[in-house]
S.K.: 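Before anything else, here's the structure in question.
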Amino acid sequence: MLSCPLPHLCLFSISFISPPEMSSCFLDEETFCQCCQLFLQHSHSLCDGWSWEQVKGSEEGYLRKTALGTGRTRCNQDQQRTSSDQHQERTFSLSFHDDDGDDEDDGAVCCIQEESSSSSVVQYEYHVLYSCSYQTPVLYFRASTLEGRSLCLEEVWDSVHPNYRQRLQHRPWDTITQQEHPLLGQSFFVLHPCRTEEFMKPVLKAALEEHRQVNYIVTWLSVVGPVVGLDVPLSYCTQAPEPPHTPSGSPQPPSGSPQSPSGSPHFPSGSLQPPALGTKPG
Amino acid sequence: MASVPVDKDSADQKLQFAPFSSALEAGFWHQLTQKKLNDYRLDESPKNIKGYYYNGDPVGLPTRLTLEFSAFEADGPSPARCCPVTGTLYNTNTLEAFKTSDKKALLEQQATEIWDSIQSGDALKDPSLLCKFLLLTYADLKKYHFYYWFCFPALCFSEGIKILKEPATLEQVFSSKQTSALQAAYDSLCSETGTSAVPYFLIKYTEDAVQVAQLRDWDSFNTDLSKVTVGVYDPCTLPQHPGWPLRNLLFLLASKWGSQIDVMEVMCFRDRTLQGSRNIQHSIVFQVKLPVPEQSVNAVCPKNVGWEKNPKGAMGPRMVNLSECMDPKRLAESSVDLNLRLMRWRLVPSLDLDKVTSTKCLLLGAGTLGCNVARTLMGWGVRHITFVDNAKISYSNPVRQPLYEFEDCLGGGKSKALAAVDRLGKIFPGVNSEGHVMSIPMPGHPVNFSEATMSQARQDVEHLEKLISEHDVVFLLMDTRESRWLPTVIAASNRKLVVNSALGFDTFVVMRHGLKKPKPCGPGDSSDPSSSSASSSSSTPAEPAQLPAASLFSNIPGHRLGCYFCNDVVAPGDSTRDRTLDQQCTVSRPGLAMIAGALAVELMVSILQHTEGGYAVASSSDDRMNEPPTSLGLVPHQIRGFLSRFDNVLPASLAFDKCTACSQIVLDSYEKDGFNFLSKVFNSSHSFLEDLTGLTQLHQETQNAEIWDMSDDESI
């Protein structure tokens, strides 16, 4: 750090430091894990499919959920493939025609599935990761056809409710970008965390004033999830196990040690400590 | 395969099964790619993998067997409440091997294993042996095309299975008391077996109680064979049909007890939880008559089926093209696009990015300015960038010219135009870039030494004319004034947008040349004025009547703006002749080229965003407080920067009717006489152009005026 040669410049730099009332709401990694664990406890009681995925040979992990839905896959492969690809595929399927056509003569198969019905089934995958640099959770997601082809953003947007689509363009917190999944190295869409703290702050502040307890993950996910078709049932707020996020300043230990259903997270920290406060001066 | 018509009244109704649809998550293909590259390599031997199916789907979804990224950990856990299935992966090294794989034999082999496990009794002890899958793949990792074919082996009865009692929902069959008893019994069976899903189980029920047991406990559980009920974890959601896993179970039961059981009751257990409330009432129950296998003792494997149909309903493999999400080049392209679109979504909603990214840019000069212009164009997503330069990279270049490296200087140095193209491709493979090593003929630099030099000059002119006509925007980024003359004339004649940038030591100019009004379309006119403008929306520019009249310095419409040469009263000549070395080399403060290069591109983008494009009225410094004409702000004529003061000004000036480059007489001479006219310019001294445009006369008049001035001075 260079010394400040001019006194008035020192004063200038001081004005960048936020006053105490401008406290910011960060989530440290331990609290993130605890919030996830409590989130999962409730998820298991709802059977809504969340699980904790541990990265092999690492203490890191993430919340994961897959869901199925129907969606229009507008720019499907035919439009994107070059004609030579299509030609190749055509001749490719032709080459199978003669020897395999007679393989099966099976009267015990019901013929109900139309081509269109299965091709418009979309597999959604949601991951909640912790971002050390932003000290917030981050939502990664992708959608794919049953063949495993990831949809482009336009296709994903088609399945986003129009209201949310508008919101995406006007509200500050919904910046979708494409990034490599930091733990898997595969291409995912990300709701960028640059504004997460900004919209979480008033919520946590209000909770502090009303002496309500908040699970950061639940609150945050209920805001960002619907944008990408991920709903968080109300019961996470109303019936969830005691949240570790106690902005009131008198943290209480979570009621009882959480059950350990299969697939429950393994956390680096051994026991559940009363977590750090959600609000701290910036 | 023809569907068997289902006649509800027929006493002969046969049971039909919903086949599995393969469902692959994107992560599966990523993992297969990793395995192929790192573990399997050329190993084609079969590998154990796993998938799972689920009995809690909402109605309408196909019966799926899902493989996700964890499929390669055959012993790893499956998602909660899902039923794991073991499978065998045959990954071939070539497409040919994929095609010629003996599908019948592969299926037969799996079916025989199932049949053996039925006969040996192993399947009864471990019913998961009944449900298997085969996956034949070929991964084309150059194109990221994946060919695959699933097989879910099933043993067939030759006669089919007769339905004795049609499917009904559990709700219709069980009381609510029985339903909750079944649910509790199933759950305790799960915890007994240490799993969260039991694929097959036995059921016994009375009006008050429901018991379930594992299949292996058949003998102790089913003491009375007059009424036997089996439960199957059923992934199907159809009200009339069971899913595929039941098939081999029925075969097992038939081969063991077919002759002893008259009525077999089947419960397809479906277990859905929605918003925390669990429901099994949509499970279906029906009764069948098990056929007696004809050759139950014979070791020959029964008829078997199982290869999945492709999306067209035909027997054949599937292919999925994952270049979009796996090819690093495609990923770079979509990320770049997405990043630019963010700008539009978040900050400048009316930004027309396509207008920018589809613009074809010709960069004349690939030095300090050219390198910086190219990088800024790439940042804007411009894909079509062409370089023209005749120089080679020298040792002093790389530190200032960000597209070159030390290595590029070795052995005499690579050609700048070609090295720049290589580098752009390395920075962003999606770029469409070309380099042309050529000299641009210049006024006052004679080309008439020999027949060869003349024809070379003619060739260079034709080449440049072709390049300019093929591009939308021409950037003048050379290091001499006179080399800008020829492209200025050609581009003005072609009605192409020209962005010009020139550097001094600590000053620079970035300007757009005035864009002449479109030529009237006459016969024999080879250039098409409508396509010559970079801005698609700028049709014939009307005089902006609503605006205050253009004065000498403000509100000048685009077609009346000057070019680089308009402010000069001498024609371009050999500017290097009488100069010292420091005057010949472009010596400028190192940051200047980056600033000017970036401003040149940003000026182009702002022009393209204006509805009138190159015809837009020039903004001036005075307009800084006014409503900007485009979403990106002002569209000036010139930006003149003074690094010593860290200051930019935005002057605008009119086209000069005696301009040596863009005046009507020059353009007319060029259009009429072509190379003959140009060669005269190259081979003559200043006076030729100055005589032509009337500058000589102007000089004369000015001199006279100066004499008057001086005499005035003397009088003071």
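Labels below follow one simple rule: chain letters A, B, ... track the order of the sequence lines, proteins then strands, and each chain is numbered from 1.
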S.K.: Heavy-atom distance under 4.5 Å to chain A: side chain of B/Ser22, backbone, both or neither?
M.R.: backbone

S.K.: Set out, in order, the CA-CA distance, both residues' side-chain angles and the distance that settles ring-ring contact (aromatic ring centres under 6.0 Å, His included) for B/Phe251 and B/Phe157, then state yes or no.
M.R.: CA-CA 8 Å; B/Phe251 209 92; B/Phe157 298 106; 4.6 Å; yes

S.K.: When heavy-atom pairs shorter than 4.5 Å are enumerated against chain A, which of B/Lys14, B/Met326, B/Arg278, B/Glu68 gives the highest number?
M.R.: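 Among the listed options, the one with the most contacts to chain A is B/Glu68.
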
S.K.: Apply ring-ring contact (aromatic ring centres under 6.0 Å, His included) to A/Phe141 and A/Phe189, showing your working.
M.R.: CA-CA 5 Å; A/Phe141 69 99; A/Phe189 295 114; 5.7 Å; yes

S.K.: At a heavy-atom separation under 4.5 Å, does A/Glu125 approach chain B through its side chain, its backbone, both, or neither?
M.R.: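 For A/Glu125, the contact with chain B is made by the side chain alone.
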
S.K.: Is B/Asp140 reaching over with its side chain to a backbone N or O of B/Tyr144, donor-acceptor style, under 3.5 angstrom?
M.R.: no

S.K.: Taking B/His241 for the side chain and B/Gln16 for the main chain, is one N or O donor matched with an acceptor at less than 3.5 Å?
M.R.: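 Indeed, once roles are kept as given, a pair shorter than 3.5 Å links the two residues.
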
S.K.: What part of A/Lys65 lies closer than 4.5 angstrom to a heavy atom of chain B: side chain, backbone, both or neither?
M.R.: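 Contact with chain B involves no heavy atom of A/Lys65 at all.
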
S.K.: Checking B/Trp307 side chain against B/Lys103 main chain: does a donor-acceptor pair fall under 3.5 Å?
M.R.: yes

S.K.: Identify which of B/Cys82, B/Ala26, B/Ser323 forms the greatest number of heavy-atom pairs closer than 4.5 Å to chain A.
M.R.: B/Ala26

S.K.: Given heavy-atom pairs under 4.5 angstrom as the criterion, report whether the side chain, backbone, both or neither of B/Phe146 touches chain A.
M.R.: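 Neither part.
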
S.K.: Counting only heavy atoms closer than 4.5 Å, note whether B/Arg64 contacts chain A via side chain, backbone, both or neither.
M.R.: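 Looking at B/Arg64, just its side chain touches chain A.
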
S.K.: For B/Gln34, which atoms come within 4.5 Å of any heavy atom of chain A: side chain, backbone, both, or neither?
M.R.: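 No part of B/Gln34 comes within 4.5 Å of chain A.
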
S.K.: Is chain B contacted by the side chain of A/Gln178, its backbone, both, or neither, given a heavy-atom distance below 4.5 Å?
M.R.: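 Both the backbone and the side chain of A/Gln178 come within 4.5 Å of chain B.
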
S.K.: Of the non-hydrogen atoms in B/Ile284 and B/Gln240, which two are nearest, and what is the gap between them?
M.R.: CD1-C, 4.4 Å

S.K.: Check this for me: B/Asp75, atom CG, are more than 12 non-hydrogen atoms of other residues, nucleotides or ligands nearer than 6.0 Å?
M.R.: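 Count not over threshold, so no.
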
S.K.: Is A/Ser43 close to chain B through its backbone or its side chain, or both, or neither, when contacts mean heavy atoms under 4.5 Å?
M.R.: neither

S.K.: Only one of B/Arg330, B/Lys143, B/Lys329 passes salt bridge (charged side-chain N to carboxylate O under 4.0 Å, His left out) with B/Glu324; say which it is.
M.R.: B/Arg330

S.K.: Does any backbone or side-chain atom of B/Ser334 lie under 4.5 Å from a heavy atom of chain A? Answer side chain, backbone, both or neither.
M.R.: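 Its backbone and side chain both get close to chain A.
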
